[in-house]
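Residue numbers begin at 1 in each chain, while the letters A, B, ... track the order of the sequences.
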Amino acid sequence: MKYDFAAIEKKWQDKWDEAGIFRASDDHTKPKFYALVEFPYPSGAGMHVGHIKAYSGLEVISRKRRMQGYNVLFPIGFDAYGLPTENYAIKTGTHPRIVTDRNIAKFTSQLKRVGFSFDWSRVVDTTDEGYYKWTQWIFRKMFDAGLVFRATTLVNYCPHCKVVLSNEDSQGGKCDICHSEIVQKSKDVWYLRITAYADKLLEGLEKVDYLPNIKLMQQNWIGRSEGAFANFALTGCDESLRIYTTRPDTMFGVTFMVIAPEHPIIEKYRDRIANIDALDAYREECAKKTEFERTQLVKDKTGVRIEGIAAVNPANGREIPIYISDYVMMGYGTGAIMAVPAHDERDYDFAKKFGIEIIEVIKGGDIAKEAYTGDGEMVNSGFLNGIQTKKEAIAKMLEYLEEKGVGERGVQYKMKDWAFNRQRYWGEPIPIVHCPKCGMVGVPYEELPLKLPPVENFEPGEGGESPLAKIESFVNCTCPKCGGPARRETDTMPQWAGSSWYFLRYCDPHNENELASMDALKYWMPVDWYNGGMEHVTRHMIYSRFWHRFLYDIGAVPCEEPYAKRTAQGLILGPDGDKMSKSKGNVVDPNDVVDVYGADVLRVYVLFMGDYASAAPWSESSVKGCKRFLDRVAALNEIVSGRENPKLEVMFHKTVKKVTEDIDEMKFNTAIAALMTLLNEITDAGSLTKEQLMTFVKLLNPFAPHLTEEIWESLGGHGFLAETAWPEWDEAKTVDDEIEIAVQISGKLKGTILIPKDISKDDAIAAAKADEKIAGLLAGKQIVKEIYVPGKIVNIVAK
RNA sequence: GCGGGUGUGGCGGAAUUGGCAGACGCGCAAGAUUCAGGUUCUUGUGGGGGCAACUUCGUGAAGGUUCAAGUCCUUUCACCCGCACCA
């Protein structure tokens, strides 16, 4: 039976809104469940079916948990600062505030149309003054704690967006926002010292329940490596060259050293270097290359030997040459390496090209052909000779270096400090004042929020400075410390700032005195379950874990880690199997689906289409299948009868169990399939009781809340279905009294028999042998072995 | 190159972790309803063989362990994702 979904959905959305049944309660005595989904960036394009899938997972879990008696916090908000809005504002001359408000209104109405059970009383907007006041407050606290600094470095710069990007935002040499080629630019920029938290972020992973691949990605991103620092004395000067290595065991095999082209020692000893012109020429060439060209394209080793300075190997006192080459990066370790061509592929390539000696120090490979990186017996290594394992050799060498005072154990991370700024308008102003006398001074806490001033022209300056720099009334200020004239910082924070703590604000969104009260935080935090996209696993998640851990360290939040559990949904691909994109024209608009099939169908389909964590293509005809399912459910009213069909009882207990367990494991597709199977059984049976239909709609309610509320009401159910208790099952009733099991002879399936469920092994085997067909096949054969797996199978091995 | 993952019908995908492979849905075929199209309902639907009961092959490929393998082991191929000259 077709039902009027448009009318039903509107009716119940209004009723829910009016009654406020999805508001999290302030009753802190109830068990809590905090479910978090990544709040959207309110773009002009509106919502995408991907958003629907991303939110539907925890939506279903939240609805079920409410019915199970939890006080559920399932909030939503808007991550509204960012470049697309600003670019749109530049193009159309509309203020970003107006664009943002318009987009938020659009998203809100779309989300409500789908019937998500968000707590709309706790909406957070990162561009709201009451919100970004606390974003600035956290920044100020970090500034006070010495975690904020400025440095002139080569930065990733997008000439199109005219902004500096973090390493995370410029992966693959492309701008994450507009995808144009990144160039390297020397610039004075803000950094957050996230590397100071590298170990804490790594250790924190041991305490949380993230999907294994998510944990691994974060571990790789932080990239901790253990090794040693060692100082190689330089000939002709009092200084030594410091290197980092993970293989101190190979030190007797060092035949040269390599430093990064930007290494400061070149400038320092310019006068002593005989071939400084050649070095300068090489360095200039390197500077022209983008980071992308340097790391991705150029696998051929290039370099120049430094003449006039040499190094001394602290292991054996040998004098060795030093080269500059761009295969050594200034940004990792010390920007200098000891090269062991026999046991490192890169050093091997370099040595081959420049004709440098290759000394084997570990047996096991053929160094005439290639570098050997495996384990083996130490040779040509003085006091290390004869040692069999890498571990032991490393320990011995470290001992030696420490004794002589030329090296020590060390740890390095791949993760770099976080470039924290944008030279654009639509972001949180950085609350810092530059005073000619006092230097950098934080804007006093009582002056926060430092409001974004009204601007007419959002175009960034040609030199890459923020539009704020053009506003004299904003820039000119007095120093909070000495009262003298000073200039205000005009950079704004990057997009990731506002999203680094939004989950805390949800706990207490209207608090004017704190970012959230400790009381609320103690009750709600940590987030019990956070679901989002894989693309945010390394950036947003690492950043927010860092902020949260910092807030813990200053006593502002009660727990170390913000997220107890993290999962990720798979992409929805276009009907053609490609990633949905405007340019391919394969984007599905959720509004269109709701118009034609209704919100319940959309919700059921995005969860039924496949494994929640995997990518799956959109299929219009499968959507129709879900529509058919709900139409058939809507018709169940017609076959409600007073008499109970005993066949259905076991089926109901089984389904309650299956749906309950599957939802908790995010196996939504099989939960829905189980409900479809039950529906088929009901149809076969021809009737069901009112109580059974009530149970059915409870199970379906988290997936299709509108239709099920309607059926509940028509059955005379009390109150909202969404507020009733989740069904229970009786384990003993989940199995039929009589079960069908398979009978195999020598492992080959030969038939099936019906046996009572609690039958003994002997009886089961006897029953199998009594089967006419089986008996015939066994005739004249000798039975070797008899196997009975309860409830599964009988296998008779016969010769 | 390193790390992780995935390969099951025409398609999306199931399979209590070693126990009847293909649940559920789509699609397709036949029939019913309908003036007709659509909708809805019924039945069938992995491949080969057979009128049939049945039989045989079958989870990317090849080998192995086991009474029993999609699932465990070895080798191998293809695709996807992340990182990438990280010393």
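In this structure, A:Asp662 places its CG atom 12 Å from C1' of B:rC24, rounding to the nearest Å. Look at NZ on A:Lys390: it is 11 Å from P on B:rA87, rounded to the nearest Å. Summarising the geometry, the separation between CD on A:Glu620 and C1' on B:rG25 is reported as 15 Å, rounded to the nearest angstrom. In this structure, the NZ atom of A:Lys750 is 14 Å from the P atom of B:rA68, given to the nearest Å. Atoms CD1 (A:Ile542) and C1' (B:rG82) sit 13 Å apart, rounded to a whole Å. Summarising the geometry, the separation between OH on A:Tyr348 and P on B:rG1 is reported as 18 Å, rounded to the nearest angstrom.
If you check B:rG58 for Watson-Crick or wobble pairing at under 3.5 angstrom, you find it has no partner at all. Remark: B:rC41 base-pairs with B:rG31; criterion is Watson-Crick or G-U wobble with both hydrogen-bond distances under 3.5 Å. Using N1 to N3 plus N6-O4 or O6-N4 for Watson-Crick, or N1-O2 and O6-N3 for G-U wobble, each under 3.5 Å, B:rA69 pairs with nothing. Of the nucleotides present, B:rC81 is the one that pairs with B:rG3 by Watson-Crick or G-U wobble criteria, both distances under 3.5 Å. When both pairing distances are held under 3.5 Å, B:rA21 makes no Watson-Crick or G-U pair with any nucleotide shown.
In terms of the side chain to side chain contact (heavy atoms under 4.5 Å, CB included) criterion, residue partners of A:Thr246 (sequence neighbours excluded) are, by chain and number, A:Ser225, A:Tyr244. In this structure A:Asp664 satisfies the side chain to side chain contact (heavy atoms under 4.5 Å, CB included) test together with A:Lys64, A:Arg65, sequence neighbours excluded. By the salt bridge (charged side-chain N to carboxylate O under 4.0 Å, His left out) test, A:Glu357 is found to be paired with A:Arg318, residues two or more places apart in sequence or in another chain being considered. Listed by chain and number, the residues in a side chain to side chain contact (heavy atoms under 4.5 Å, CB included) with A:Lys773 are A:Asp771, A:Leu777 (sequence neighbours excluded).
Put simply, the side chain of A:Arg305 never gets that close to the backbone of A:Tyr323: no donor and acceptor are under 3.5 Å apart.
Glycosidic conformation of B:rG9: syn, with the torsion inside 90° of 0. Anti is the glycosidic conformation of B:rU75, whose angle departs from 0 by more than 90°.
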Tabulate protein N/O versus nucleotide N/O from nucleotides 18-23 of chain B, keeping only pairs under 3.5 Å, one per line.
| from | atom 1 | to | atom 2 | distance (Å) |
| --- | --- | --- | --- | --- |
| B:rG19 | N2 | A:Gln744 | OE1 | 3.4 |
| B:rG19 | N2 | A:Asn795 | ND2 | 3.4 |
| B:rC20 | N4 | A:Glu740 | O | 3.1 |

Under 3.5 Å, which N/O atoms of the protein pair with N/O atoms of nucleotides 36-45 of chain B?
| from | atom 1 | to | atom 2 | distance (Å) |
| --- | --- | --- | --- | --- |
| B:rU40 | OP2 | A:Arg628 | NH1 | 3.2 |

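In this structure, A:Lys667 is not positioned above the aromatic face of A:Tyr612 in the sense of NZ or CZ being under 6.0 Å from the six-membered ring centre and within 45° of the axis. Figure legend: cation-pi geometry between A:Lys627 and A:Tyr3, with NZ or CZ positioned under 6.0 Å from the six-membered ring centre and within 45° of its axis. Cation-pi geometry between A:Lys301 and A:Phe350 is not satisfied (NZ or CZ under 6.0 Å from the ring centre, within 45° of the ring normal).
Checking B:rG82, B:rC24, B:rC85 against the side-chain heavy atoms of A:Met217 singles out B:rG82 as nearest. Distances from the side chain of A:Ser225 to the nucleotides B:rU55, B:rA87, B:rG4 place B:rA87 closest. Closest approach to the A:Asn680 side chain among B:rU55, B:rC24, B:rC85 is made by B:rC24 (side chain taken as heavy atoms from C-beta onward).
Note on A:Ala339: nothing from the nucleic acid sits closer than 4.0 angstrom, heavy atoms only. Within 4.0 Å of A:Gly625, counting heavy atoms only, lie sugar-phosphate atoms of the nucleic acid but no base atom. Residue A:Asp347 is classed as having no contact, given no heavy-atom separation below 4.0 Å to the nucleic acid.
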> Going through the distances and angles, do A:Glu226 and A:Arg247 end up as a salt bridge (charged side-chain N to carboxylate O under 4.0 Å, His left out)?
Replying inline: CA-CA 9 Å; A:Glu226 281 180 40; A:Arg247 295 296 303 273; over 6 Å; no
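A salt bridge is defined here as a Lys NZ or Arg NE, NH1 or NH2 lying under 4.0 Å from an Asp or Glu carboxylate O, and A:Glu731 with A:Lys657 meets this definition.
Side-chain N/O atoms of A:Tyr332 include one lying less than 4.0 angstrom from OP1 or OP2 on B:rA87. Put simply, A:Lys667 has a side-chain N or O that comes within less than 4.0 Å of OP1 or OP2 on B:rA15.
Judged by distance alone, the side chains of A:Asn680 and A:Thr677 never bring a donor and an acceptor atom under 3.5 Å apart.
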